[in-house]
Amino acid sequence: MTDIVEDLKWRGIIAQTTDEDALRKSLADGPITVYAGFDPTAASLHVGHLVIVLTLRRLQRAGHRPIALVGGATGLIGDPKPSAERQLNDTDTVRDWTGRIRGQLSAFLDFEGDRPDTAIMANNLDWTADLTAIDLLRDLGKHFSINQMLARDTVKSRLGGEGISYTEFSYVILQSFDYLELYRRHGCTLQIGGSDQWGNITAGLDLVRRVTGNTPHGQAHALTMNLLTKADGTKFGKTEGGAVWLDPELTTPYAFYQFWLNSDDRDVARYLRTFSFRSHDEIEALERESAERPAGRAAQRALAEELTTLVHGADQCAAAVEASRALFGQGDLATLDRATLNAAVAELPSASVTELPTVVDALVATGLVASKGAARRTVKEGGAYVNNVKVTEEDALLGADDLLHGQWVLLRRGKRNLGAVKLG
RNA sequence: GGCGGGUUGCCCGAGUGGCCAAAGGGAGCAGACUGUAAAUCUGUCGGCUGAUGCCUACGCAGGUUCGAACCCUGCACCCGCCA
(Lines give C-alpha, C1' and ligand atoms only; values in the text may rest on other atoms or scores of the structure.)
Protein backbone atom coordinates (compact mmCIF):
# COMPACT_ATOMS: atom_id res chain seq x y z
CA MET A 1 0.00 0.00 0.00
CA THR A 2 1.43 3.39 -0.97
CA ASP A 3 2.00 5.90 1.76
CA ILE A 4 -0.97 8.09 1.01
CA VAL A 5 -0.04 10.67 3.63
CA GLU A 6 3.34 11.20 1.99
CA ASP A 7 1.63 11.50 -1.36
CA LEU A 8 -0.83 14.08 -0.09
CA LYS A 9 1.98 16.03 1.53
CA TRP A 10 3.95 16.03 -1.69
CA ARG A 11 0.87 17.45 -3.37
CA GLY A 12 0.59 20.17 -0.75
CA ILE A 13 -2.98 19.18 -0.10
CA ILE A 14 -2.92 18.73 3.66
CA ALA A 15 -3.83 21.76 5.71
CA GLN A 16 -4.28 20.18 9.09
CA THR A 17 -4.68 16.76 10.66
CA THR A 18 -5.31 15.37 14.07
CA ASP A 19 -2.48 13.20 15.46
CA GLU A 20 -0.58 12.67 12.22
CA ASP A 21 1.42 9.65 13.36
CA ALA A 22 -1.71 7.88 14.53
CA LEU A 23 -3.46 8.68 11.27
CA ARG A 24 -0.51 7.49 9.24
CA LYS A 25 -0.43 4.28 11.22
CA SER A 26 -4.10 3.47 10.82
CA LEU A 27 -3.91 4.21 7.10
CA ALA A 28 -0.92 1.89 6.87
CA ASP A 29 -2.42 -0.85 9.03
CA GLY A 30 -5.23 -1.61 6.69
CA PRO A 31 -8.16 -0.29 4.80
CA ILE A 32 -10.03 2.34 6.72
CA THR A 33 -13.28 4.07 5.91
CA VAL A 34 -13.17 7.76 5.10
CA TYR A 35 -15.91 10.25 4.37
CA ALA A 36 -16.41 13.71 2.99
CA GLY A 37 -19.68 15.57 2.94
CA PHE A 38 -21.12 17.78 0.22
CA ASP A 39 -24.06 20.03 0.95
CA PRO A 40 -26.49 20.72 -1.89
CA THR A 41 -26.18 24.49 -1.95
CA ALA A 42 -26.41 24.60 -5.74
CA ALA A 43 -27.49 22.36 -8.59
CA SER A 44 -23.94 21.19 -9.20
CA LEU A 45 -20.53 20.73 -7.67
CA HIS A 46 -17.86 23.11 -8.90
CA VAL A 47 -14.12 22.86 -9.47
CA GLY A 48 -13.37 23.77 -5.87
CA HIS A 49 -15.11 20.57 -4.77
CA LEU A 50 -12.75 18.57 -6.96
CA VAL A 51 -9.97 18.94 -4.42
CA ILE A 52 -12.02 16.95 -1.95
CA VAL A 53 -13.67 14.55 -4.38
CA LEU A 54 -10.35 13.63 -5.95
CA THR A 55 -8.73 13.16 -2.57
CA LEU A 56 -11.43 10.62 -1.81
CA ARG A 57 -10.56 9.02 -5.13
CA ARG A 58 -6.88 8.89 -4.18
CA LEU A 59 -7.75 7.30 -0.88
CA GLN A 60 -9.84 4.70 -2.65
CA ARG A 61 -6.98 3.97 -5.02
CA ALA A 62 -4.78 3.52 -1.99
CA GLY A 63 -7.14 0.77 -0.86
CA HIS A 64 -9.47 2.60 1.50
CA ARG A 65 -13.22 2.77 1.48
CA PRO A 66 -14.64 6.19 0.65
CA ILE A 67 -18.09 7.37 1.66
CA ALA A 68 -19.52 10.20 -0.38
CA LEU A 69 -22.08 11.90 1.82
CA VAL A 70 -24.64 14.24 0.33
CA GLY A 71 -26.12 16.65 2.82
CA GLY A 72 -29.80 16.18 2.15
CA ALA A 73 -30.40 17.28 5.74
CA THR A 74 -27.56 19.72 6.39
CA GLY A 75 -28.36 21.39 3.08
CA LEU A 76 -31.71 22.34 4.58
CA ILE A 77 -30.00 24.07 7.50
CA GLY A 78 -26.94 25.81 6.07
CA ASP A 79 -23.35 25.80 7.28
CA PRO A 80 -22.77 29.29 8.72
CA LYS A 81 -20.50 31.52 6.69
CA PRO A 82 -18.36 34.04 8.60
CA SER A 83 -19.97 36.92 6.78
CA ALA A 84 -23.71 36.53 6.59
CA GLU A 85 -26.73 34.34 7.14
CA ARG A 86 -27.62 32.09 4.22
CA GLN A 87 -30.94 32.22 2.46
CA LEU A 88 -32.81 28.98 3.08
CA ASN A 89 -33.64 26.99 -0.04
CA ASP A 90 -36.99 25.29 -0.19
CA THR A 91 -37.15 21.57 0.45
CA ASP A 92 -38.06 20.58 -3.10
CA THR A 93 -35.07 22.45 -4.44
CA VAL A 94 -32.73 20.86 -1.94
CA ARG A 95 -34.11 17.43 -2.76
CA ASP A 96 -33.53 18.03 -6.45
CA TRP A 97 -29.99 19.29 -5.88
CA THR A 98 -29.24 16.39 -3.60
CA GLY A 99 -30.08 14.00 -6.41
CA ARG A 100 -27.96 15.85 -8.91
CA ILE A 101 -24.92 16.03 -6.69
CA ARG A 102 -25.29 12.41 -5.83
CA GLY A 103 -25.12 11.63 -9.53
CA GLN A 104 -22.02 13.72 -9.98
CA LEU A 105 -20.19 12.18 -7.06
CA SER A 106 -20.90 8.69 -8.27
CA ALA A 107 -18.75 9.28 -11.35
CA PHE A 108 -15.54 9.79 -9.41
CA LEU A 109 -15.55 6.75 -7.17
CA ASP A 110 -15.99 3.04 -7.74
CA PHE A 111 -19.21 1.80 -6.19
CA GLU A 112 -19.21 -1.58 -7.93
CA GLY A 113 -18.68 -4.84 -6.11
CA ASP A 114 -18.20 -5.71 -2.49
CA ARG A 115 -14.55 -5.14 -1.73
CA PRO A 116 -13.05 -3.44 1.31
CA ASP A 117 -12.52 -0.38 -0.84
CA THR A 118 -15.92 -0.28 -2.54
CA ALA A 119 -17.36 3.18 -2.17
CA ILE A 120 -20.57 3.97 -0.34
CA MET A 121 -23.08 6.71 -1.12
CA ALA A 122 -24.84 8.23 1.86
CA ASN A 123 -27.38 10.93 2.57
CA ASN A 124 -27.59 12.38 6.05
CA LEU A 125 -31.31 12.82 5.68
CA ASP A 126 -31.50 9.09 6.28
CA TRP A 127 -30.66 9.47 9.95
CA THR A 128 -31.85 12.98 10.68
CA ALA A 129 -35.32 12.98 9.09
CA ASP A 130 -36.75 10.95 11.96
CA LEU A 131 -34.66 12.49 14.69
CA THR A 132 -37.08 14.00 17.20
CA ALA A 133 -36.52 17.27 18.97
CA ILE A 134 -36.27 15.40 22.24
CA ASP A 135 -33.64 13.03 20.84
CA LEU A 136 -31.70 15.91 19.41
CA LEU A 137 -31.65 17.80 22.70
CA ARG A 138 -31.14 14.82 25.01
CA ASP A 139 -28.85 12.54 23.01
CA LEU A 140 -26.83 15.05 21.05
CA GLY A 141 -27.27 18.47 22.64
CA LYS A 142 -26.03 17.28 26.00
CA HIS A 143 -22.61 16.65 24.47
CA PHE A 144 -22.22 20.15 23.11
CA SER A 145 -20.97 23.01 25.21
CA ILE A 146 -22.39 26.38 24.33
CA ASN A 147 -19.16 27.91 25.60
CA GLN A 148 -17.20 25.99 23.00
CA MET A 149 -19.71 26.65 20.28
CA LEU A 150 -19.51 30.37 20.95
CA ALA A 151 -15.73 30.25 20.75
CA ARG A 152 -15.74 29.04 17.15
CA ASP A 153 -14.32 31.60 14.71
CA THR A 154 -17.32 31.62 12.44
CA VAL A 155 -19.71 32.15 15.32
CA LYS A 156 -17.51 34.84 16.82
CA SER A 157 -17.35 36.79 13.61
CA ARG A 158 -21.10 36.54 13.20
CA LEU A 159 -21.74 37.67 16.75
CA GLY A 160 -19.56 40.67 16.09
CA GLY A 161 -21.41 41.29 12.84
CA GLU A 162 -24.93 40.74 11.70
CA GLY A 163 -25.76 37.97 14.14
CA ILE A 164 -26.52 34.31 13.59
CA SER A 165 -29.75 32.36 13.66
CA TYR A 166 -30.31 29.40 15.94
CA THR A 167 -30.67 27.36 12.77
CA GLU A 168 -27.14 27.97 11.55
CA PHE A 169 -25.74 27.96 15.05
CA SER A 170 -26.98 24.37 15.34
CA TYR A 171 -25.46 23.20 12.07
CA VAL A 172 -22.36 21.81 13.74
CA ILE A 173 -24.49 19.42 15.75
CA LEU A 174 -25.89 17.82 12.62
CA GLN A 175 -22.53 17.50 10.93
CA SER A 176 -21.09 15.97 14.09
CA PHE A 177 -23.97 13.54 14.19
CA ASP A 178 -23.10 12.50 10.64
CA TYR A 179 -19.63 11.49 11.71
CA LEU A 180 -21.06 9.60 14.68
CA GLU A 181 -23.55 7.73 12.50
CA LEU A 182 -20.95 6.85 9.89
CA TYR A 183 -18.63 5.66 12.63
CA ARG A 184 -21.36 3.43 14.01
CA ARG A 185 -22.75 2.19 10.70
CA HIS A 186 -19.61 1.84 8.62
CA GLY A 187 -16.72 2.10 11.01
CA CYS A 188 -15.73 5.38 9.43
CA THR A 189 -12.65 6.75 11.18
CA LEU A 190 -11.57 9.62 8.98
CA GLN A 191 -13.39 12.71 7.80
CA ILE A 192 -11.82 14.96 5.23
CA GLY A 193 -12.92 18.39 4.10
CA GLY A 194 -11.78 21.88 3.20
CA SER A 195 -9.71 23.75 5.74
CA ASP A 196 -12.76 25.80 6.65
CA GLN A 197 -14.33 22.57 7.90
CA TRP A 198 -11.80 21.96 10.65
CA GLY A 199 -14.13 23.15 13.39
CA ASN A 200 -17.06 21.07 12.20
CA ILE A 201 -14.92 17.98 11.80
CA THR A 202 -13.25 18.18 15.18
CA ALA A 203 -16.64 18.76 16.78
CA GLY A 204 -17.62 15.45 15.20
CA LEU A 205 -14.55 13.78 16.62
CA ASP A 206 -15.50 14.98 20.08
CA LEU A 207 -19.00 13.62 19.69
CA VAL A 208 -17.74 10.24 18.51
CA ARG A 209 -15.39 10.02 21.47
CA ARG A 210 -17.97 11.09 24.02
CA VAL A 211 -20.70 8.78 22.76
CA THR A 212 -18.71 5.70 21.79
CA GLY A 213 -15.51 6.04 23.75
CA ASN A 214 -13.85 5.36 20.39
CA THR A 215 -14.97 1.75 20.39
CA PRO A 216 -15.25 -0.53 18.59
CA HIS A 217 -13.59 1.12 15.59
CA GLY A 218 -10.79 2.93 17.40
CA GLN A 219 -9.66 6.51 17.20
CA ALA A 220 -11.39 8.74 14.66
CA HIS A 221 -9.33 11.25 12.70
CA ALA A 222 -9.66 14.55 10.89
CA LEU A 223 -7.84 15.80 7.84
CA THR A 224 -8.45 19.10 6.12
CA MET A 225 -7.23 20.29 2.76
CA ASN A 226 -5.86 23.60 1.67
CA LEU A 227 -8.32 25.65 -0.28
CA LEU A 228 -6.71 26.63 -3.53
CA THR A 229 -5.59 30.19 -3.92
CA LYS A 230 -4.51 32.07 -7.00
CA ALA A 231 -1.32 34.01 -7.48
CA ASP A 232 -3.21 37.14 -8.47
CA GLY A 233 -5.22 37.05 -5.25
CA THR A 234 -8.59 36.36 -6.80
CA LYS A 235 -10.74 33.43 -5.83
CA PHE A 236 -9.99 30.06 -7.37
CA GLY A 237 -12.68 28.54 -9.54
CA LYS A 238 -14.37 31.69 -10.70
CA THR A 239 -14.42 33.14 -14.16
CA GLU A 240 -16.16 36.09 -15.67
CA GLY A 241 -19.24 33.90 -16.03
CA GLY A 242 -19.21 32.85 -12.38
CA ALA A 243 -18.28 29.53 -10.87
CA VAL A 244 -16.86 26.74 -12.99
CA TRP A 245 -19.35 23.91 -12.55
CA LEU A 246 -18.95 20.23 -13.20
CA ASP A 247 -22.41 20.02 -14.76
CA PRO A 248 -22.02 20.35 -18.55
CA GLU A 249 -25.34 22.18 -18.68
CA LEU A 250 -23.95 24.93 -16.48
CA THR A 251 -20.35 25.01 -17.73
CA THR A 252 -19.75 23.50 -21.15
CA PRO A 253 -16.88 21.04 -21.50
CA TYR A 254 -15.27 23.59 -23.78
CA ALA A 255 -15.47 26.32 -21.11
CA PHE A 256 -14.24 23.82 -18.54
CA TYR A 257 -11.25 22.96 -20.70
CA GLN A 258 -10.55 26.64 -21.34
CA PHE A 259 -10.69 27.39 -17.62
CA TRP A 260 -7.77 25.07 -16.94
CA LEU A 261 -5.90 26.00 -20.09
CA ASN A 262 -5.90 29.62 -18.94
CA SER A 263 -4.30 28.85 -15.59
CA ASP A 264 -1.66 31.28 -14.47
CA ASP A 265 1.91 30.01 -14.92
CA ARG A 266 2.50 30.59 -11.24
CA ASP A 267 -0.46 28.42 -10.27
CA VAL A 268 -0.31 25.55 -12.72
CA ALA A 269 2.24 23.47 -10.85
CA ARG A 270 0.15 23.52 -7.69
CA TYR A 271 -2.95 22.66 -9.66
CA LEU A 272 -1.22 19.68 -11.22
CA ARG A 273 -0.08 18.43 -7.87
CA THR A 274 -3.52 18.93 -6.41
CA PHE A 275 -5.61 17.39 -9.16
CA SER A 276 -3.52 15.19 -11.41
CA PHE A 277 -3.32 11.44 -11.18
CA ARG A 278 -0.10 11.36 -13.15
CA SER A 279 3.00 10.06 -11.44
CA HIS A 280 5.19 12.38 -9.43
CA ASP A 281 7.86 12.06 -12.12
CA GLU A 282 5.50 13.08 -14.87
CA ILE A 283 4.24 16.03 -12.90
CA GLU A 284 7.76 17.19 -12.12
CA ALA A 285 8.66 16.91 -15.80
CA LEU A 286 5.69 19.11 -16.69
CA GLU A 287 6.74 21.61 -14.05
CA ARG A 288 10.21 21.84 -15.58
CA GLU A 289 8.77 22.18 -19.03
CA SER A 290 6.50 24.99 -17.86
CA ALA A 291 9.37 26.80 -16.16
CA GLU A 292 11.66 26.53 -19.16
CA ARG A 293 9.17 27.25 -21.89
CA PRO A 294 6.07 28.83 -20.37
CA ALA A 295 4.69 30.01 -23.70
CA GLY A 296 4.17 26.40 -24.74
CA ARG A 297 1.81 25.91 -21.82
CA ALA A 298 2.47 22.21 -21.73
CA ALA A 299 1.46 22.01 -18.09
CA GLN A 300 -1.80 23.86 -18.70
CA ARG A 301 -2.64 21.61 -21.62
CA ALA A 302 -1.90 18.45 -19.68
CA LEU A 303 -3.95 19.66 -16.75
CA ALA A 304 -6.87 20.76 -18.91
CA GLU A 305 -6.95 17.53 -20.88
CA GLU A 306 -6.68 15.29 -17.87
CA LEU A 307 -9.43 17.02 -15.91
CA THR A 308 -11.78 17.49 -18.84
CA THR A 309 -11.43 13.81 -19.61
CA LEU A 310 -12.02 12.87 -16.01
CA VAL A 311 -15.09 15.05 -15.59
CA HIS A 312 -16.64 14.97 -19.06
CA GLY A 313 -15.12 11.94 -20.74
CA ALA A 314 -12.59 11.44 -23.49
CA ASP A 315 -14.95 12.31 -26.34
CA GLN A 316 -16.03 15.60 -24.85
CA CYS A 317 -12.44 16.43 -24.08
CA ALA A 318 -11.34 15.71 -27.61
CA ALA A 319 -14.14 17.93 -28.90
CA ALA A 320 -13.07 20.75 -26.59
CA VAL A 321 -9.46 20.44 -27.69
CA GLU A 322 -10.49 20.38 -31.31
CA ALA A 323 -12.80 23.35 -30.89
CA SER A 324 -10.09 25.32 -29.13
CA ARG A 325 -7.67 24.61 -31.93
CA ALA A 326 -10.16 25.67 -34.55
CA LEU A 327 -11.33 28.82 -32.80
CA PHE A 328 -7.96 30.06 -31.64
CA GLY A 329 -5.92 28.69 -34.50
CA GLN A 330 -4.13 31.23 -36.59
CA GLY A 331 -5.53 29.64 -39.72
CA ASP A 332 -8.31 31.07 -41.81
CA LEU A 333 -11.68 30.20 -40.35
CA ALA A 334 -13.14 29.99 -43.83
CA THR A 335 -11.00 26.96 -44.54
CA LEU A 336 -12.41 24.98 -41.66
CA ASP A 337 -14.54 22.10 -42.77
CA ARG A 338 -18.18 22.19 -41.83
CA ALA A 339 -18.06 19.37 -39.31
CA THR A 340 -15.20 20.90 -37.36
CA LEU A 341 -16.83 24.29 -37.39
CA ASN A 342 -20.18 22.94 -36.26
CA ALA A 343 -18.57 21.07 -33.42
CA ALA A 344 -16.55 24.09 -32.36
CA VAL A 345 -19.45 26.47 -32.53
CA ALA A 346 -21.62 24.10 -30.53
CA GLU A 347 -19.37 24.82 -27.56
CA LEU A 348 -19.98 28.55 -27.67
CA PRO A 349 -22.80 30.78 -26.51
CA SER A 350 -24.83 31.39 -29.63
CA ALA A 351 -27.91 33.16 -30.89
CA SER A 352 -30.19 32.40 -33.78
CA VAL A 353 -31.30 35.21 -36.03
CA THR A 354 -33.52 35.34 -39.07
CA GLU A 355 -31.68 38.18 -40.75
CA LEU A 356 -28.17 39.47 -40.43
CA PRO A 357 -27.89 41.96 -37.56
CA THR A 358 -25.40 44.71 -36.90
CA VAL A 359 -22.23 43.70 -35.15
CA VAL A 360 -23.41 45.54 -32.05
CA ASP A 361 -26.72 43.69 -31.94
CA ALA A 362 -24.97 40.39 -32.60
CA LEU A 363 -22.63 40.94 -29.66
CA VAL A 364 -25.60 41.60 -27.41
CA ALA A 365 -27.59 38.67 -28.77
CA THR A 366 -24.84 36.19 -28.03
CA GLY A 367 -24.44 37.54 -24.53
CA LEU A 368 -20.83 38.51 -25.09
CA VAL A 369 -21.63 41.98 -23.78
CA ALA A 370 -24.29 43.11 -21.36
CA SER A 371 -25.80 46.00 -23.31
CA LYS A 372 -25.70 47.85 -26.57
CA GLY A 373 -23.73 50.60 -24.94
CA ALA A 374 -21.11 48.10 -23.84
CA ALA A 375 -21.08 46.62 -27.33
CA ARG A 376 -20.42 50.01 -28.93
CA ARG A 377 -17.71 50.65 -26.42
CA THR A 378 -16.09 47.33 -27.21
CA VAL A 379 -16.09 48.10 -30.93
CA LYS A 380 -14.72 51.58 -30.30
CA GLU A 381 -11.94 50.13 -28.17
CA GLY A 382 -11.03 47.70 -30.90
CA GLY A 383 -12.05 44.66 -28.92
CA ALA A 384 -14.67 43.29 -31.28
CA TYR A 385 -13.94 40.70 -33.92
CA VAL A 386 -15.97 39.02 -36.63
CA ASN A 387 -14.51 35.71 -37.71
CA ASN A 388 -11.30 36.69 -35.92
CA VAL A 389 -10.99 39.93 -37.89
CA LYS A 390 -11.15 43.15 -35.93
CA VAL A 391 -14.21 45.32 -36.50
CA THR A 392 -13.52 49.01 -36.83
CA GLU A 393 -16.89 50.42 -37.86
CA GLU A 394 -19.19 51.05 -34.94
CA ASP A 395 -22.31 50.50 -37.01
CA ALA A 396 -20.95 47.70 -39.14
CA LEU A 397 -23.47 45.26 -40.50
CA LEU A 398 -22.82 41.58 -40.87
CA GLY A 399 -22.87 40.66 -44.52
CA ALA A 400 -23.54 37.49 -46.45
CA ASP A 401 -19.84 37.10 -47.10
CA ASP A 402 -19.24 36.93 -43.36
CA LEU A 403 -21.17 33.69 -43.18
CA LEU A 404 -19.13 30.58 -42.65
CA HIS A 405 -20.66 27.69 -44.54
CA GLY A 406 -23.59 29.95 -45.28
CA GLN A 407 -24.76 29.82 -41.72
CA TRP A 408 -22.43 30.90 -38.94
CA VAL A 409 -20.73 34.09 -37.94
CA LEU A 410 -18.09 33.87 -35.23
CA LEU A 411 -17.90 36.80 -32.85
CA ARG A 412 -15.22 37.59 -30.35
CA ARG A 413 -14.88 40.12 -27.56
CA GLY A 414 -11.37 40.69 -26.41
CA LYS A 415 -8.88 37.92 -26.79
CA ARG A 416 -10.75 34.92 -25.66
CA ASN A 417 -14.50 35.47 -25.36
CA LEU A 418 -16.22 33.82 -28.26
CA GLY A 419 -19.79 33.54 -29.42
CA ALA A 420 -21.62 32.65 -32.58
CA VAL A 421 -24.60 33.83 -34.53
CA LYS A 422 -26.58 31.37 -36.57
CA LEU A 423 -28.68 32.48 -39.48
CA GLY A 424 -31.92 30.68 -40.18
C1' G B 1 -35.33 52.91 27.32
C1' G B 2 -32.24 57.84 26.49
C1' C B 3 -28.65 60.63 23.52
C1' G B 4 -25.57 60.91 19.26
C1' G B 5 -23.75 59.08 14.41
C1' G B 6 -24.82 56.49 9.99
C1' U B 7 -27.49 54.03 5.39
C1' U B 8 -24.46 56.71 -1.85
C1' G B 9 -23.29 53.10 -7.95
C1' C B 10 -20.46 45.65 -8.02
C1' C B 11 -17.32 46.91 -3.21
C1' C B 12 -14.99 50.90 -0.30
C1' G B 13 -15.78 56.00 -0.11
C1' A B 14 -16.37 61.79 -1.18
C1' G B 15 -20.39 64.78 -1.96
C1' U B 16 -24.93 69.08 2.24
C1' G B 17 -30.21 72.72 -2.88
C1' G B 18 -28.85 73.69 -9.46
C1' C B 19 -22.06 73.11 -12.61
C1' C B 20 -24.28 65.27 -9.98
C1' A B 21 -25.05 59.52 -13.48
C1' A B 22 -22.49 61.67 -8.67
C1' A B 23 -14.79 62.99 -6.80
C1' G B 24 -11.20 59.16 -5.47
C1' G B 25 -9.75 54.00 -4.81
C1' G B 26 -10.65 48.76 -5.70
C1' A B 27 -12.88 45.05 -8.73
C1' G B 28 -14.57 44.34 -13.83
C1' C B 29 -14.00 45.19 -19.22
C1' A B 30 -10.97 46.71 -23.61
C1' G B 31 -6.23 48.17 -25.92
C1' A B 32 -0.75 48.09 -26.17
C1' C B 33 3.09 44.28 -24.91
C1' U B 34 2.65 38.81 -25.11
C1' G B 35 1.65 33.03 -24.96
C1' U B 36 -6.00 32.42 -25.19
C1' A B 37 -0.55 33.72 -19.01
C1' A B 38 1.20 37.42 -15.32
C1' A B 39 3.06 42.25 -14.37
C1' U B 40 2.97 47.21 -16.35
C1' C B 41 0.97 51.41 -18.92
C1' U B 42 -3.49 53.59 -21.36
C1' G B 43 -8.62 53.86 -21.93
C1' U B 44 -13.36 52.54 -20.13
C1' C B 45 -16.83 51.51 -16.47
C1' G B 46 -26.10 52.48 -15.02
C1' G B 47 -29.67 51.69 -19.38
C1' C B 48 -31.74 53.41 -24.04
C1' U B 49 -30.19 56.63 -27.94
C1' G B 50 -25.69 57.95 -34.43
C1' A B 51 -23.96 62.70 -30.13
C1' U B 52 -24.70 66.93 -24.78
C1' G B 53 -31.90 64.00 -25.08
C1' C B 54 -34.77 60.43 -22.27
C1' C B 55 -35.22 56.65 -18.38
C1' U B 56 -33.39 54.48 -13.81
C1' A B 57 -30.31 55.43 -9.34
C1' C B 58 -27.89 58.06 -3.70
C1' G B 59 -32.10 52.82 2.80
C1' C B 60 -38.02 53.02 2.28
C1' A B 61 -42.51 56.20 1.99
C1' G B 62 -44.24 60.98 1.68
C1' G B 63 -43.44 66.47 1.68
C1' U B 64 -41.10 71.55 0.71
C1' U B 65 -39.06 73.85 -3.87
C1' C B 66 -38.92 76.25 -10.49
C1' G B 67 -35.23 72.46 -9.05
C1' A B 68 -33.22 67.49 -3.83
C1' A B 69 -28.28 62.43 -2.96
C1' C B 70 -28.25 67.09 -0.39
C1' C B 71 -33.91 70.52 3.39
C1' C B 72 -38.53 68.59 6.35
C1' U B 73 -41.79 64.37 8.35
C1' G B 74 -42.55 59.26 9.27
C1' C B 75 -40.62 54.23 8.97
C1' A B 76 -36.76 50.34 8.70
C1' C B 77 -31.94 48.76 9.61
C1' C B 78 -26.71 49.47 11.40
C1' C B 79 -22.91 51.68 14.76
C1' G B 80 -21.29 54.25 19.25
C1' C B 81 -22.09 56.24 24.33
C1' C B 82 -25.34 56.12 28.66
C1' A B 83 -29.18 53.26 31.41
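In what follows, every chain begins at residue 1, and chains take the letters A, B, ... in the order their sequences are listed.
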Neighbour count >12 (heavy atoms, 6.0 Å) for atom CD, E6(A):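 Enclosed.
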side-chain contact (heavy atoms from CB on, under 4.5 Å) evaluation trace for T33(A) with L190(A): CA-CA 7 Å; T33(A) 300; L190(A) 175 61; over 6 Å; no
Sugar-phosphate only, base, or nothing, as touched by K230(A) at under 4.0 Å among non-hydrogen atoms: nothing
Both distances under 3.5 Å, Watson-Crick or G-U wobble: report the partner of [N], or none.
N      : value
C41(B) : G31(B)
G74(B) : C60(B)
G67(B) : none
G80(B) : C3(B)

Summary of protein contacts for nucleotides 45-58 of chain B, nucleotide by nucleotide, where a base hit scores B, a sugar-phosphate-only hit scores S (4.0 Å, heavy atoms): S-SSBS--------
Note: K81(A)-E168(A) ion pair, threshold 4.0 Å (strictly below):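 Here K81(A) does not pair with E168(A) in a salt bridge, since their nearest N and O are not under 4.0 Å apart.
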Side chain of [X] - closest among [options]:
X       : options                : result
N417(A) : A32(B), A30(B), A37(B) : A30(B)
F328(A) : G35(B), A30(B), U36(B) : U36(B)
Y385(A) : A30(B), G31(B), A38(B) : G31(B)

L410(A) vs L348(A) side-chain heavy atoms within contact, under 4.5 Å: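 A side-chain contact exists here, since the closest heavy-atom pair is under 4.5 Å.
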Note, L303(A) side chain near E305(A) side chain (heavy atom, < 4.5 Å): no
Residue met sooner reading RNA chain B from 5', once P294(A) and R412(A) are mapped to nucleotides: R412(A)
Closest-nucleotide ordering on RNA chain B, the 5'-leading residue of G383(A) and Q258(A): G383(A)
Phosphate-side-chain proximity, K390(A) and A30(B), N/O vs OP1/OP2 below 4.0 Å: no
Geometric cation-pi criterion, R58(A) with F277(A): 6.0 Å, 45°: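 Output yes; distance and angle both within limits.
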